[in-house]
Amino acid sequence: MSEHSTEQIRELLDSLYRVDSGRILATLIRLLGDFDLAEEAMHEAFAAALSLWPTSGVPGNPRPWLISTARFKAIDTLRRRARFDASQDELARYLEAQSSSAERSNEEDSLEDDGLEDDRLRLIFTCCHPSLAPEAHVALTLREVCGLTTEEIAKTFLTTPRTLAQRIVRAKAKIRDTPIRYEVPSPEELPERLDAVLQVVYLVFNEGYCAAAGAEVTRAELTGEAIRLGRLLAELQPEPEVLGLLALMLLQESRRAARKSPTGEMILLENQDRSLWNREQIAEGVALLEKALKSRRFGSYTLQAAIAVVHAEAESVAATDWRQIVALYDRLSRIQPSPVVQLNRAVAIAMRDGPEAGLAQIDAVLKHGELADYYLAHSARADMCRRLGRTAEARSSYEKALALTQQEPERQFLQERIRQLK
């Protein structure tokens, strides 16, 4: 134990919450078998730490302390509820027996086990169970695995916080009432469950790579966690698309140090200092991509990784093989048709054939209406108009993009572009 001031404890707990709350919650869900009880108990444990640690000292290993404290807080909660519901008393007795058993078997070691049967991996498979509605997979995982608020998730997926909250409540109730087992599926079950999990892991990564809201361009704890989960999946099931997804995440993450200035401003790909790109991550991503491509059974993640490799291997934007990127987007749009893929393809066409060709493609995408509330579509259109000297149109599109984004560095970038056009 070491002594710290209350302010130091608060800062330490804030850091622990940002980095470790997802893992702590996942372990508590395994131990308690109830999402809401686990979340309530975790918050009570953090509050207890803020109260106790300034006088008792910080434990040498805080995470097991928080998990153990949360478990006892949950037992207390169940004891209070037992006055009205006898089944809660049975659960409290079970948890007390479980706690005693854990203490006898060196609980601290068991709570620090980061082997393949990882609690967060188990939690993702639970959140992505096929009996849950597909739209609940992402919402529940981002809420319970990544700790995003319902408001943040709603902004990411262009829906209302109320709709998201109802979706999450229904999913939790189904997990509890079915009940859905908290486990990584068997090798026989794994292939059919993998697609949903890969989608969710990549959405977690994307929220970290380009945060939907807030003061930061990126959230390194989310990209790092997504990559860690990708590695676990690759060990568990080294299928081509698992390798492709891990390659894609590593290749995109390799640019992180170059994506913002020392003072926090966003830097576009064309202006990035490529010497800051992480060459180790690029080399690992390229090696994984080659393995995935050799199988000839790859899909959308592998194709996106192939696009990322073309960027990674180019010395500059001007030296980039845009013809190859357009060809890869053509193939991607055949196996995964989506308006966002079409938007990205349009930007690549602009780089290959000029902004007028790109603008025509972007207008065609926007005409369908699916990206009407997607700020990057309006930002891309604005950039084409700016390059063509169509100042009024550029300013109007930048203003639309500004109204739709909640990320502060992106807002500052768009405001500066609007100012330059006045």
Side-chain angles (χ1 to χ4, degrees), residues 1-32 34-77 95 99 102-103 106-115 117-124 127 140-153 201 204-205 207-209 211 213-216 218-229 231-232 253 256:
M1 297 277 184
S2 58
E3 293 186 5
H4 295 76
S5 69
T6 300
E7 188 55 37
Q8 287 174 319
I9 295 294
R10 191 184 301 277
E11 290 175 3
L12 172 63
L13 286 168
D14 285 346
S15 176
L16 278 169
Y17 191 89
R18 285 194 305 273
V19 175
D20 260 353
S21 61
R23 284 173 146 189
I24 291 169
L25 181 62
T27 298
L28 288 170
I29 291 170
R30 169 170 61 83
L31 295 171
L32 303 175
D34 185 303
F35 281 75
D36 293 328
L37 180 62
E39 191 165 351
E40 179 184 340
M42 181 181 73
H43 289 139
E44 288 187 0
F46 272 89
L50 182 60
S51 173
L52 296 173
W53 289 1
T55 52
S56 67
V58 178
N61 207 338
R63 186 158 71 115
W65 187 99
L66 288 163
I67 292 169
S68 296
T69 301
R71 185 159 54 186
F72 286 113
K73 294 288 184 184
I75 292 169
D76 290 343
T77 298
L95 290 175
S99 296
E103 285 169 8
N106 195 342
E107 179 180 47
E108 190 162 303
D109 287 344
S110 68
L111 294 179
E112 283 300 309
D113 178 20
D114 287 325
E117 295 299 298
D118 177 85
D119 280 330
R120 297 192 83 179
L121 191 59
R122 275 196 290 264
L123 182 54
I124 285 185
C127 292
L140 192 59
T141 302
L142 290 176
R143 180 71 189 90
E144 301 303 328
V145 179
C146 302
L148 272 66
T149 65
T150 52
E151 290 78 12
E152 287 172 324
I153 303 167
V201 170
V204 170
F205 178 85
E207 176 57 30
Y209 184 74
E216 296 294 330
T218 62
R219 296 178 63 181
E221 73 276 13
L222 289 184
T223 55
E225 184 59 29
I227 289 170
R228 192 179 72 85
L229 291 168
R231 292 190 193 282
L232 283 169
E253 179 69 356
R256 183 161 62 88

Do Glu40 and Lys73 come within less than 4.5 Å of each other through their side chains, counting heavy atoms only? no
Decide yes or no for Thr141 and Val201: does some side-chain heavy atom of the first lie under 4.5 Å from some side-chain heavy atom of the second?
-> no
Here the pair of heavy atoms bringing Ile9 nearest to Ala49 is CG2-O, 4.1 Å
- Query: Hey, what's the ring geometry for Tyr17 with Phe46, parallel, tilted or perpendicular (30° and 60° as the breaks)?
  - Reply: perpendicular
Requested in this report: Decide side chain to side chain contact (heavy atoms under 4.5 Å, CB included) for Glu39 and Arg143; before the verdict, give the C-alpha distance in whole Å, the side-chain angles of both, and the deciding distance to 0.1 Å.
Outcome: CA-CA 11 Å; Glu39 191 165 351; Arg143 180 71 189 90; 2.5 Å; yes
With the side chain counted from C-beta on, respond yes when Leu222 and Phe205 share a heavy-atom pair under 4.5 Å apart, and no when they do not. no
Requested in this report: Find out whether Thr77 and Phe72 are in side-chain contact, i.e. whether some heavy atom of one side chain is under 4.5 Å from a heavy atom of the other.
Outcome: no
dist Arg23:CZ -> Leu28:CG (nearest 0.5 Å) comes out at 14.0 Å
Shortest non-hydrogen pair, Arg256 vs Ala220, comes out as NH1-CB, 3.6 Å
Is the shortest side-chain heavy-atom distance between Trp53 and Leu13 below 4.5 Å?
yes
- side chain to side chain contact (heavy atoms under 4.5 Å, CB included) between Leu52 and Trp65, worked out: CA-CA 12 Å; Leu52 296 173; Trp65 187 99; 4.1 Å; yes
Note: Pro62 and Leu16 closest approach over all heavy atoms is CB-CD1, 3.8 Å
- Just wondering, do Ile29 and Asp34 contact through their side chains at under 4.5 Å, heavy atoms? no
CD1 (Ile24) and CE (Met42) are apart, to the nearest 0.5 Å, by 7.0 Å
Residues Ile124 and Leu229: closest non-hydrogen pair is CD1-CD1, 3.3 Å
Separation between CD1 (Ile67) and OG1 (Thr27), nearest 0.5 Å, reads 4.5 Å
The reported gap from CZ in Phe35 to CD in Glu144 (rounded to nearest 0.5 angstrom) is 5.5 Å
To the nearest 0.5 Å, atom CG of Leu123 lies from atom CG of Leu25 at 7.0 Å
